[in-house]
J.: 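My questions will all concern the structure given below.
To find a chain, count down the sequence lines: A is the first, B the second, and so on, and within it residues start at 1.
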Number of protein chains: 2
Amino acid sequence: MEARHTLADQTFEQLQTAIIQGRLIPGSKINEQELASQYGISRGPLREALQRLEQRRLIERIPHVGARVIKLTANHLHDLYQVRAELEAMACRIAASSISDQQLIELEQLLDRQQQAFQSEQLTSLQDDIDFHVGVLNACGNQTLINTLCGDLYHQLQIYRHQCISSRRPLQALAQHRQILAALKQRDGELAALLMRRHIEAGAANTAKVLAAKLEDFQDE
Amino acid sequence: MEARHTLADQTFEQLQTAIIQGRLIPGSKINEQELASQYGISRGPLREALQRLEQRRLIERIPHVGARVIKLTANHLHDLYQVRAELEAMACRIAASSISDQQLIELEQLLDRQQQAFQSEQLTSLQDDIDFHVGVLNACGNQTLINTLCGDLYHQLQIYRHQCISSRRPLQALAQHRQILAALKQRDGELAALLMRRHIEAGAANTAKVLAAKLEDFQDE
DNA sequence: CCAATATCGATTGTCGACAATTACAGCTAT
DNA sequence: ATAGCTGTAATTGTCGACAATCGATATTGG
């Protein structure tokens, strides 16, 4: 509950989750007046929120014309995952030589909790996967790398992952996370990077398949 | 002269160059009222410009407190160049297999023009170096990669590069650019990536050295 | 004399109204 | 009937003023 208690920030967060969850459908136009009164605020803070969404590439704005939610395309998805794989592999390579024993323990505990939660509830959350990746990221210590992934790319990715919930394979993902963690433990950066790249590419292929099916259905535009 | 003719955009551009050129000194506080009247506009558009500068990490804002220009630190510089090297090496790897003959020719012509300009005027512009890198980037075709570098990282880097004009070695840089281009011509992605990484790391070391000297002088805080 | 607190000034956040630009509808002319 | 133009309505950009919050100074109690 990270409260930056300003209306613009709150509205930004709400709009972001609305977009990620698909409540604001991709490609639809955004009316400032309408949204503002809908959220019970003025157009000032709303415009600030919209601008931040634009910088995160969740919406597209044209001066004097307006804002639209971004559309989902196979190309965009491909580009996103390609950059993500490269950067997270890099994070692994760095983290392997800089991660602390404490951080290693925390990551292991995180995976244990997730495995336990899965065995009992049998349902997995998208957040679980993200938590592990963010953990590795933080361990690498490169703030620019962290900002680039957490501040920009992850939010765009979440749109696709939420739209394409897919036949996700949480057990497989969990096993891959354990492999990556083992490599980090052994300070084998190259192996960790390789495993991370494969893990992400598997997820990309999976998401892309579901997206293709979805785009097939909506033959519109 | 890419005109997005809205006051907020114009002000954003002007403020950005002001920061990059060091006219707004790093770490200094920003007064909205003062800046607004200085640019002859209202606080509305100015705040939009400030917010975009914040997203590009050229300034830092705290709610109800205000905005400050970012400070230059050796750590930040290191992180920036590390990510940049990785991403541009990646761009080379992709571009090697996707660049068109036309694009190859244009890059060569660009380098020819730069060499000619250098031989006649004996002075080199920072923009020349950027132009080549952007050219390679565009050739790779990954829009996410392009956005990440051009939209975020480059602007932060330019602050350091402008502050640390350094004993730049334009001839050496030009030669390295030619080597990279040659590798691209031969469709040797791995070689191009390697050369690009070395080229960037050389620039990083150079800039870091100058920055260290600068920080030595300003022993403040 | 120092510390904690209250008050004041300054700065930021928010609002409603006005100006500028665009999109659409209807009309005219070919 | 369609292409181009024109006027109007709707939407976005901009402004000035008000409200909320923070930092610094002054004050009071120990």
Side-chain angles (χ1 to χ4, degrees), chain A residues 1-19 23-71 220-221, chain B residues 1-19 23-71 220-221:
Chain A
M1 204 62 72
E2 34 167 330
R4 292 185 68 181
H5 23 38
T6 159
L7 285 184
D9 283 315
Q10 292 173 17
T11 308
F12 166 69
E13 297 281 348
Q14 293 181 30
L15 281 176
Q16 180 171 253
T17 62
I19 292 178
R23 291 187 40 185
L24 270 65
I25 58 178
S28 64
K29 192 171 182 311
I30 289 178
N31 186 314
E32 293 185 0
Q33 191 91 317
E34 186 180 340
L35 257 190
S37 50
Q38 185 173 330
Y39 280 82
I41 62 175
S42 163
R43 273 181 56 221
L46 180 81
R47 281 172 63 84
E48 286 204 19
L50 289 182
Q51 198 186 331
R52 292 178 59 173
L53 291 173
E54 180 192 17
Q55 290 299 316
R56 291 205 167 171
R57 321 228 177 238
L58 298 183
I59 68 175
E60 290 175 348
R61 291 178 91 189
I62 304 176
H64 297 277
V65 174
R68 309 189 82 91
V69 183
I70 63 164
K71 290 182 190 170
D220 45 38
E221 181 191 10
Chain B
M1 204 64 73
E2 36 168 327
R4 292 184 69 181
H5 23 39
T6 158
L7 285 183
D9 284 314
Q10 292 174 16
T11 309
F12 165 70
E13 297 281 347
Q14 293 181 31
L15 280 175
Q16 180 171 255
T17 62
I19 292 178
R23 292 188 38 185
L24 269 65
I25 58 179
S28 64
K29 192 171 182 311
I30 290 178
N31 186 312
E32 294 185 359
Q33 191 91 318
E34 186 181 341
L35 258 190
S37 52
Q38 186 173 330
Y39 279 82
I41 63 175
S42 164
R43 273 180 56 218
L46 180 81
R47 281 173 63 85
E48 286 203 20
L50 289 182
Q51 199 185 331
R52 292 178 60 173
L53 291 173
E54 181 191 18
Q55 290 300 316
R56 291 204 167 170
R57 320 221 178 246
L58 298 183
I59 68 174
E60 290 175 349
R61 292 178 89 188
I62 303 175
H64 298 279
V65 174
R68 309 189 81 91
V69 183
I70 63 165
K71 291 181 189 170
D220 43 40
E221 187 178 8

J.: Both G44(A) and V65(A) contact DNA chain C. Which one's nearest nucleotide lies toward the 5' end?
T.: G44(A)
J.: For L7(B) versus P45(B), what's the shortest heavy-atom pair and its separation?
T.: CB-CB, 4.1 Å
J.: Do side-chain atoms of R68(A) reach the backbone of E60(A) as a donor and acceptor pair under 3.5 angstrom?
T.: no
J.: Would E32(B) and R43(B) pass as an ion pair if we require N to O under 4.0 Å?
T.: yes
J.: Can Q51(B) and R61(B) be counted as having a side-chain donor-acceptor contact under 3.5 angstrom?
T.: no
J.: Which residues within residues 31-42 of chain A lie with some heavy atom under 4.0 Å of an atom in DNA chain D?
T.: N31(A), E32(A)
J.: Can you tell me if K29(B) touches the phosphate of dC22(D), counting only side-chain N or O atoms and a distance under 4.0 Å to OP1 or OP2?
T.: no
J.: Looking at every non-hydrogen atom in both residues, tell me the closest pair between A49(A) and A8(A) and how far apart they are.
T.: CB-O, 3.7 Å
J.: Can you measure H64(B) atom NE2 to dA19(D) atom C1' for me and round it to whole angstrom units?
T.: 11 Å
J.: If you measure only the distance, is there a donor-acceptor pair under 3.5 Å linking the side chains of R56(B) and Q55(A)?
T.: no
J.: Hey, is the main chain of L24(B) close enough, under 3.5 Å, to the side chain of S28(B) for a donor-acceptor pair?
T.: no
J.: Check L46(B), L58(B), L53(B), T6(B) against F12(B) for a side chain to side chain contact (heavy atoms under 4.5 Å, CB included) and give me the one that passes.
T.: L53(B)
J.: Provide, to the nearest angstrom, the distance between the CZ atom belonging to R43(A) and the P atom belonging to dA10(D).
T.: 15 Å
J.: First contact, last contact: which nucleotides of DNA chain C are these for chain B, 5' to 3', heavy-atom distance under 4.0 Å?
T.: dT11(C) to dT14(C)
J.: Using a heavy-atom cut-off of under 4.0 Å over every strand shown, decide if L50(B) touches base, sugar-phosphate, or nothing.
T.: nothing
